[in-house]
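Here is the structure we will look at, set down as structure tokens.
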Number of protein chains: 2
Amino acid sequence: MSTIKEVAELAGVSIGTVSHVIGGSVPVSDSLRRKVLAAIRALDYHPNHIARSLKTRKTRTLGMVVPDMTIPFFPQVIRSAETAAHAHGYSVIAVNSDDSTARQKEVLSLLRSQRVEGILLVIASGHGSQTQVPKLIESGIPVVCLDRLPEGIEVDSVCVEDGAAAEMGVSHLLSLGHRKIAILTGPLTLRNERERLRGYKQAIERAGLAVNDSLVWEAKLNQEDVSAVCREHLTHSSTRPSALFCTNGVTGIGALRGMAACGLSTPEDIAFVTFDELTAEDIFRPSITSVVQPAYEIGYRAAEILIERIQAGPTQGPRIAARLPATLKVRESSTGAEVVKVLRGGRR
Amino acid sequence: MSTIKEVAELAGVSIGTVSHVIGGSVPVSDSLRRKVLAAIRALDYHPNHIARSLKTRKTRTLGMVVPDMTIPFFPQVIRSAETAAHAHGYSVIAVNSDDSTARQKEVLSLLRSQRVEGILLVIASGHGSQTQVPKLIESGIPVVCLDRLPEGIEVDSVCVEDGAAAEMGVSHLLSLGHRKIAILTGPLTLRNERERLRGYKQAIERAGLAVNDSLVWEAKLNQEDVSAVCREHLTHSSTRPSALFCTNGVTGIGALRGMAACGLSTPEDIAFVTFDELTAEDIFRPSITSVVQPAYEIGYRAAEILIERIQAGPTQGPRIAARLPATLKVRESSTGAEVVKVLRGGRR
DNA sequence: CTGTTAGCGCATTCAT
DNA sequence: ATGAATGCGCTAACAG
């Protein structure tokens, strides 16, 4: 791996000149520029970003932490963040936290050591407090939280309008005549899960019904736990709800599995609506009514906000809290029919 | 962001001593170590990897290039590679090439500038030659190719036994009595697509049939093109095959869409088998018979091989070509029944 | 055991 | 327009 020095020698100029033609900021005569470019090609020279960063104190790199890239929602967000970053000359390095606060701590520390200029963070769902975040921000590394927002921490954030989105899904079930609607959430340690639960309650109460706590089910974000919780609540037909609303894709898939395990199917036995799309709904049956998040926009906006913060410097401007509307895609799991309607969530 | 110097000052020791307690290689007295540790905590000090890397010429980082993380196969591979890397003290930074050779060139150059110690590469499918790869290897950066292997280039590789896997899928259709079996491949510029096609032909010929070129369909890796190709071949019932084999998840989904657009369904009108799983097959209908790749193992092995190469130094040992067996999951799209059988691909 | 020092490769003054 | 010199933060070799 050749260095700027070798390029300079081969071109017969000083390293300063080489640096100038690479940087482009300082003018260089055409003859020298040509020689330098030739030498660069001859040596297959690739500037050492490490050294450059050490000098300039800029890495042009964003860190991104997600719980688990194999959950389909996240690759979409990462990719759009990458696109936005790229448009501003930034790269993004994405890492998994395994949805563990301990591991999240490790990767944040790693990202810090790598001197990323900002961090896009989807927090882990464990109980650990998110004290790292203010530390990061204090120390000059802007953070934008996506999707899942931490408690009581001043930080820029981008997510869907959780409450309104959930309310939209549940209202849809109510409008279909359902009165006994259960909700299956992920860990309520996550604020967005609580928000979605709030939206559910609001919809129920607006319909003049009372919230029945025995219809509020909480599960961890893994298939086993979700299925177990479902089976526990679905075995007895007396207590069974007529409809089920799931607050995310993981609980959504798990619930369908749990229902299948109980010999129940949707929409025949239980009407079903979930956050997030589970599959190619145009092909597979039952097609599932979904509250769809604007995943692409969430990632894109988050990266843009982050880069703006970076470029604005450590200004203590007001925190940005972008809330994007979700879309309700009505399919047969709720209606029983194969009609597909689309409702846009209102921006409020 | 504090530096080692500040830590040293606060602790009242030299920067050498701080470096020693961090590195752990050189013994330090307990009293000093405690002081240093306290200073580190007090300052919330995070060692600058940039500076460290510049000095040690090691980044402990692997680069990984995939065409598109939103294709479900890739996040699995990335995650397992990350797991393997982490076990050896490495991080991985994954980037998308958008399946474009031009963009791939850019990101490889970027990765090189970032001085990653090795690269896991899933090549783009365009026509561009992969001359970058030998350059990378020559210059001391080991490369392991996954999934898609470049032409005529000496490089370590890990992928599924493409030919055998395809043959297994097609043989399954033959065993069901199908005689007019079409194959829908991705770009045949990709060797693995050609290998899968070879497996198809082998199965057909072993059954004593002749390969009919009009049943070999090729499409680009995007929904529009795949659907168009399908519709073109499926509209006339006279030329319609009784079964369709798709060589990857993208053409698989696209084909199902194309079939739906022609008013055809599987398994009733056309038996269907595809590489890769398309959805949660235990829940949605039709469940699709799939040739399943060991995604986790592919990523894991690839990372292990790469790290071994890195640690072995620029030895010119023999190239490793790991070929992993696929699994055939028989479901209703081929059999019409809801039985599920599982056949393991033989390791040969 | 502890401290001192010389670069790692590069961008950037500051001269010329 | 070009070049020489400085130092970013750190590790490793060495001296004490």
Side-chain angles (χ1 to χ4, degrees), chain A residues 1-37 39-40 43-61 89 109-110 112-117 139-141, chain B residues 1-37 39-40 43-61 89 109-110 112-117 139-141:
Chain A
M1 197 73 86
S2 44
T3 71
I4 197 173
K5 201 169 149 196
E6 295 167 339
V7 173
E9 277 163 14
L10 181 58
V13 300
S14 73
I15 65 171
T17 302
V18 176
S19 181
H20 293 152
V21 347
I22 293 172
S25 52
V26 178
V28 177
S29 71
D30 249 33
S31 65
L32 283 200
R33 175 198 312 291
R34 243 190 296 282
K35 278 193 210 165
V36 169
L37 259 17
I40 287 178
L43 294 174
D44 192 24
Y45 168 70
H46 291 250
N48 187 330
H49 276 199
I50 304 283
R52 176 181 294 168
S53 296
L54 184 59
K55 179 68 186 174
T56 62
R57 307 161 133 290
K58 302 204 161 325
T59 54
R60 285 274 171 179
T61 301
S109 177
L110 187 67
R112 237 181 123 147
S113 281
Q114 313 238 88
R115 295 299 187 267
V116 297
E117 294 183 34
S139 72
I141 302 181
Chain B
M1 198 73 84
S2 44
T3 71
I4 198 174
K5 201 169 150 196
E6 295 167 335
V7 173
E9 276 163 13
L10 182 59
V13 300
S14 74
I15 65 170
T17 301
V18 176
S19 180
H20 294 153
V21 346
I22 292 170
S25 52
V26 179
V28 177
S29 71
D30 249 35
S31 65
L32 284 198
R33 174 195 316 288
R34 244 190 296 282
K35 280 193 211 164
V36 169
L37 259 17
I40 287 178
L43 294 174
D44 193 23
Y45 168 70
H46 291 249
N48 187 328
H49 276 197
I50 305 282
R52 176 183 292 168
S53 295
L54 184 59
K55 177 65 187 176
T56 62
R57 311 164 128 286
K58 304 205 158 326
T59 54
R60 285 274 171 181
T61 300
S109 177
L110 188 68
R112 235 179 124 151
S113 281
Q114 313 237 85
R115 296 298 189 267
V116 297
E117 294 183 35
S139 71
I141 302 181

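Hydrogens, waters and symmetry mates play no part in the numbers below; they use all other heavy atoms, side chains included. Every chain is numbered from 1, with letters handed out A, B, ... down the list of sequences.
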Within this structure, what is the CZ-to-P distance between B:Arg112 and C:dG9, rounded to whole angstrom? 15 Å
A:Thr56 vs D:dC8: side-chain N/O to OP1/OP2 distance below 4.0 Å: no
Could you state the interatomic distance from CG (A:Leu43) to CD (A:Glu9), rounded to the nearest 0.5 Å? 10.0 Å
Taking atom C1' of D:dC8 as reference, at what distance in whole Å does atom NZ of A:Lys55 sit? 6 Å
Indicate whether any N or O donor in one side chain lies under 3.5 Å from an N or O acceptor in the other, for B:Ser113 and A:Arg52. no
What distance do A:Tyr45 atom OH and A:Leu10 atom CG have between them, rounded to the nearest 0.5 Å? 13.0 Å
Quick one: A:Ile50 CD1 to C:dC10 C1', roughly how many Å, whole number? 12 Å
Hey, what do you get for CE (A:Met1) to CD1 (B:Ile141), rounding to the nearest 0.5 Å? 3.5 Å
Output the single nucleotide from C:dA11, D:dG9, C:dG3 whose closest atom is nearest the side chain of B:Ser14. C:dG3
When you get a sec, tell me which of C:dT2, C:dC8, C:dT12 is the closest nucleotide to the side chain of B:Thr17? C:dT2
Looking at OG1 of B:Thr59 and NE2 of B:His49, how far apart are the two atoms once the value is rounded to the nearest 0.5 Å? 10.5 Å
Pairwise 5' ranking along DNA chain C for A:Lys5 and A:Val26, keeping only the more 5' one: A:Lys5
If you measure from OG on A:Ser53 to CD on B:Gln114, what distance do you get to the nearest 0.5 Å? 7.5 Å
Nearest-nucleotide pick for B:His20, side chain only, options being C:dT12, C:dG3, D:dC10: C:dG3
Does OP1 or OP2 of D:dC10 have a side-chain N or O of B:Ser19 closer than 4.0 Å? no
With a 3.5 Å distance limit and no angle check, can you tell me whether A:Arg57 reaches the backbone of A:Leu54 through a side-chain donor-acceptor pair? no
Inter-residue atom distance A:Ile50.CD1 - B:Lys55.NZ, 0.5 Å rounding: 15.0 Å
Spacing between A:Gln114 atom CD and D:dG9 atom C1', to the nearest angstrom: 15 Å
DNA chain D: A:Asp30 or B:Ser25, which has the more 5' nearest nucleotide? A:Asp30
Give a yes/no answer on whether the side chain of B:Arg52 brings an N or O atom under 4.0 Å of OP1 or OP2 in D:dT11. yes
In whole angstroms, the gap separating P of C:dG3 from CD of B:Glu9 amounts to 13 Å
How close or far is atom C1' of C:dC10 from atom CD1 of A:Ile4, stated in whole angstroms? 6 Å
Which of C:dG3, C:dT5, C:dC10 is nearest the side chain of B:Val13? It is C:dG3
Pairs counted only when both distances fall under 3.5 Å, Watson-Crick or G-U: show me the 5' to 3' dot-bracket for DNA chain C, [ ] for pseudoknotted crossings and | for other-strand partners. ||||||||||||||||
Between P on C:dC10 and CG on A:Leu54, what's the gap in Å once rounded to a whole number? 12 Å
Any B:Ser29 side-chain N or O less than 4.0 Å from OP1/OP2 of C:dT2: yes
So, does B:Thr3 get its side chain near the phosphate of D:dG9, meaning an N or O under 4.0 Å from OP1 or OP2? no
Length of the line joining A:Lys35:NZ and D:dG3:P, which is rounded to integer Å: 9 Å
